[in-house]
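Structure first, then comments.
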Amino acid sequence: MSAIPETEFEVAILGAGMSGLCMAIQLQRAGIADFVVLEKSAGIGGTWWDNRYPGAQVDVPAPVYSFSFAPNPHWTHRFADAPEIQRYQQRLAETHGLLPRIRLGCAVAEASFDEASGRWQLNLDDGSRISARFFVCSTGQLSIARWPDIPGLADFQGRLLHTGRWPGDADLAGQRIGVIGTGSTAAQLVPALAPAAVQLKVFQRTPNWVLPRLDRRYGRPDRWLMRLPGYAALAHKTLCAALDLGRHGFDEGTLARRAAVAVAHRLRRQVADPVLREALTPRYPLGCKRIIYSNDYYAALQLPQSELVTAGIERASAAGVLTVDGREHALDTLVCATGYDTTHPLSGLPVRGRGGRLLSQAWAGGPRAYLGVSVPDFPNFFLMLGPNTLTGHTSALLSLEPQVEHAIACMQRLKREGGRWIAVKPAAAEAQDAGLQQRLSTSVWAHCNSWYRTEGGRIVAIWPGFARDYARAVRRPDAAAYELG
Ligand code: NAP
């Protein structure tokens with residue numbers, strides 16, 4: 001029997017999206033150069049590689065959707081589109097010499113912690129193995145495409161697509177298209193598809209809050225300014241502070257909230273038909289689900305070829321979609337803009353911690369982690385953009401950068417103090433989680449169903465405060481919260 005090839009590293013990073021790249025760059029800076037980045041897709045970018053649907057854009061200003069240590073003078077718009085972001089990521093990988101350390105098309109089948117050696121063993125799909133002292137999961141919260149639970153979906157004879165797995169060759173011009181979902185993704189996709197569609201049916205279950213996207217083109221003067229020493233840092237800092245003010249909009253009775261509600265009402269007046277306007281009026285409190293930022297969603301729905309279908313979907317058929325009012329909607333392509341499974345992260349990958357304990361068992365009631373980074377009984381293991389780390393009002397990178405600092409500080413401590421492993425103490429994790437869930441229980445996010453919550457109602461995605469508070473809490477690990485062995 002031939003031996004299974006095994007390669008040893010200090011750190012194995014799962015995912016070459018924003019989190020994986022940030023971790024890799026900062027590890028190098030910290031003098032930990034012995035790492036590998038494992039990426040199952042064929043290219044760098046994570047969610048920006050997978051989400052290549054027409055119209056895909058970031059909905060926070062691009063200067064804060066770039067790392068504080070790597071400003072991008074090339075942005076062409078305040079709200080960059082997916083290909084532009086992917087190019088930024090590719091450039092980062094190239095300029096930091098990461099390409100030789102990134103293994104594309106490399107899927108991990110199983111990961112387990114070996115207590116005796118204090119190392120993680122990763123079994124890869126191709127039959128090879130990797131052993132690493134530290135295992136960093138940088139797969140984020142939006143990586144597992146969620147298909148709708150609609151009977152008969154497999155019977156559909158046309159083309160079935162999910163926005164989170166968009167194929168490069170999908171040209172839907174001249175087709176009869178159905179889009180299921182009306183979240184942030186659909187609001188970007190619908191205006192991009194509508195003009196060239198023969199017919200576009202948007203199946204809406206819940207009408208959402210829409211605010212204007214304050215986009216603008218970045219011209220030569222902007223790009224020149226972004227190259228000036230100090231300007232990019234100032235722009236980053238100013239935008240972070242301005243976006244964090246938006247957090248006030250999630251609290252009852254604030255001026256920010258009243259202003260946002262008034263602006264949304266005003267935007268909805270773009271919808272001329274009162275019946276359609278009523279159908280697009282949200283029935284839940286602003287901010288409870290992710291707010292949509294769009295200037296063209298309402299216009300796209302009013303094109304002659306567009307129709308907002310509000311009758312519930314009964315099932316899919318060979319020809320299209322049947323709704324509960326007895327109508328059959330014949331379609332060439334059905335697009336599911338139905339989001340991601342955020343409540344079962346890493347569900348396709350068995351991760352075994354101390355004593356063979358499965359992460360999926362530890363997370364049976366919903367994912368949880370100390371400050372979103374460390375899980376008791378899973379030593380030398382760090383999550384990036386893990387549970388309860390997104391704010392809903394600003395860039396995820398503001399949470400990510402200090403998480404990377406936290407994880408690297410833990411690695412360095414283990415190296416300094418000696419031992420095989422470092423893990424968060426269960427009591428520290430429980431206390432932090434209890435305080436967080438208490439705070440969330442009276443928040444706006446407790447008022448409706450969304451991808452922020454499990455079916456049981458636990459809010460697993462959101463950090464309820466300002467981004468700067470989270471950064472302050474996570475940046476430097478509390479030595480007393482961790483144990484070494
Ligand atoms: P989402 O917010 O989870 O929306 C999914 C949509 O699908 C909802 O409208 C949902 O309706 C509908 N849906 C799900 N199952 C259905 C079913 N069986 N029948 C009918 N409708 C169904 O997903 P998303 O729009 O992909 O956005 C997810 C997150 O990705 C966003 O909130 C955002 O954070 C991120 N995103 C970011 C950007 C960006 O610009 N940075 C762009 C796109 C997405 P219900 O509301 O009734 O459940």
Side-chain angles (χ1 to χ4, degrees), residues 17-18 45-48 50-62 64-65 77-82 84-86 140-153 161-166 178-192 201-211 213 215 243 280 282-284 287-295 297 308-316 321-324 329 334-343 385 389-397 399 445 447-453 455 460-462:
M18 282 294 192
T47 197
W48 300 106
D50 293 335
N51 281 271
R52 285 177 290 177
Y53 60 85
Q57 267 196 345
V58 65
D59 60 3
V60 292
V64 287
Y65 204 76
H77 284 82
R78 183 183 280 156
F79 293 92
D81 63 20
E84 220 180 318
I85 298 169
Q86 201 275 334
Q141 297 195 18
L142 305 175
S143 58
I144 305 173
R146 188 182 57 199
W147 292 88
D149 51 355
I150 293 169
L153 210 53
L161 299 174
H162 192 289
T163 47
R165 296 286 174 270
W166 198 263
V179 174
I180 303 178
T182 50
S184 304
T185 299
Q188 295 180 344
L189 178 76
V190 165
K201 304 218 175 186
V202 179
F203 296 92
Q204 172 183 276
R205 193 163 65 179
T206 309
N208 290 313
W209 289 91
V210 182
L211 288 174
R213 191 178 60 225
D215 202 4
L243 286 172
L280 289 165
R283 314 262 173 243
Y284 63 84
C288 183
K289 289 174 187 264
R290 174 88 174 190
I291 297 169
I292 291 166
Y293 296 91
S294 175
N295 300 331
Y297 180 55
L308 184 77
V309 180
T310 54
I313 296 174
E314 190 176 300
R315 64 182 169 86
V321 164
L322 277 143
T323 42
V324 290
H329 307 266
L334 178 59
V335 182
C336 298
T338 45
Y340 308 87
D341 183 353
T342 52
T343 56
L385 296 181
T389 58
L390 303 178
T391 59
H393 67 274
T394 188
S395 170
L397 304 196
S399 303
W445 299 286
H447 289 284
C448 62
N449 296 326
S450 70
W451 64 264
Y452 298 154
R453 300 177 86 188
E455 276 182 11
V460 294
I462 291 285

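Only this structure's heavy atoms are used, side chains among them; waters, hydrogens and symmetry mates stay out. Order of appearance sets the numbers: ligands from 1, and atoms from 1 within every ligand.
- For atom 38 (C) of ligand 1, the closest heavy atom belonging to the protein is Gln57 O, 3.8 Å.
- Residue contact check for ligand 1: Tyr284 places no non-hydrogen atom closer than 4.0 Å to it.
- To the nearest 0.5 Å, atoms OH (Tyr452) and CG (Leu390) are separated by 8.0 Å.
- Here is the list of ligand 1 atoms found below 4.0 Å of a heavy atom in Asp59: 39 (C), 40 (O), 41 (N).
- Closest protein heavy atom to atom 36 (N) of ligand 1: Ser184 CB, 4.2 Å.
- With respect to atom 33 (C) of ligand 1, the closest heavy atom belonging to the protein is Arg290 NE, 3.8 Å.
- Protein heavy atom closest to atom 8 (C) of ligand 1, with residue, atom name and distance, is Thr182 N, 4.0 Å.
- Judged purely by atom type and a 3.5 angstrom limit, Arg283 has no side-chain atom pairing as donor or acceptor with the backbone of Pro207.
- Among all non-hydrogen protein atoms, the one lying nearest atom 1 (P) of ligand 1 is Trp451 CD1, 3.9 Å.
- Interatomic distance, Thr182 OG1 to Leu189 CG, rounded to the nearest 0.5 Å: 12.0 Å.
- For the residue pair Tyr340 and Asn51, a side-chain donor N or O sits within less than 3.5 Å of a side-chain acceptor on the partner.
- When heavy-atom distances to ligand 1 are checked against a 4.0 Å cut-off, Tyr340 comes that close only through its side chain, counted from C-beta outward.
- Residue contacts with ligand 1, taken as heavy atom pairs separated by less than 4.0 Å, involve Leu142 solely via side-chain atoms from C-beta onward.
- No part of Ala56 comes within 4.0 Å of ligand 1, judged by heavy-atom distances.
- Between Ile180 and Leu334 the shortest side-chain heavy-atom distance falls below 4.5 Å.
- At least one donor-acceptor pair under 3.5 Å links the side chain of Trp209 to the backbone N or O of Tyr284.
- Of all protein heavy atoms, the one lying nearest to atom 23 (O) of ligand 1 is Gly339 CA, 3.2 Å.
- In summary, the atoms of ligand 1 found under 4.0 Å from a heavy atom of Tyr53, numbered by their order in the structure, are 42 (C), 43 (C).
- The shortest contact between atom 19 (N) of ligand 1 and any protein heavy atom is with Arg205 NH1, 3.7 Å.
- Side-chain atoms of Asp149 do not come within 3.5 Å of backbone N or O of Pro151 as any donor-acceptor pair.
- Atom 6 (C) of ligand 1 has Ala337 O, 3.4 Å as its closest protein atom, hydrogens excluded (heavy atom only).
- Within the 4.5 Å cutoff, the side chain of Leu153 has heavy atoms near those of the Pro148 side chain.
- Distances from atom 42 (C) of ligand 1 to the heavy atoms of Lys289, Arg213, Gln188 put Gln188 nearest.
- For the atom pair CD1 (Ile85) and OH (Tyr65), the distance works out to 6.0 Å, reported to the nearest 0.5 Å.
- Between the side chain of Arg213 and the backbone N or O of Asn295 there is no donor-acceptor pair closer than 3.5 Å.
- Residue nearest to atom 44 (C) of ligand 1, selected from Asp149, Ile180, Thr185, Val202: Thr185 (by heavy-atom distance).
- The proximity of Trp147 to ligand 1, defined as any non-hydrogen pair under 4.0 Å, does not occur for either the backbone or the side chain.
- With Asp215 contributing its side chain and Phe79 its backbone, the two residues share a donor-acceptor pair below 3.5 Å.
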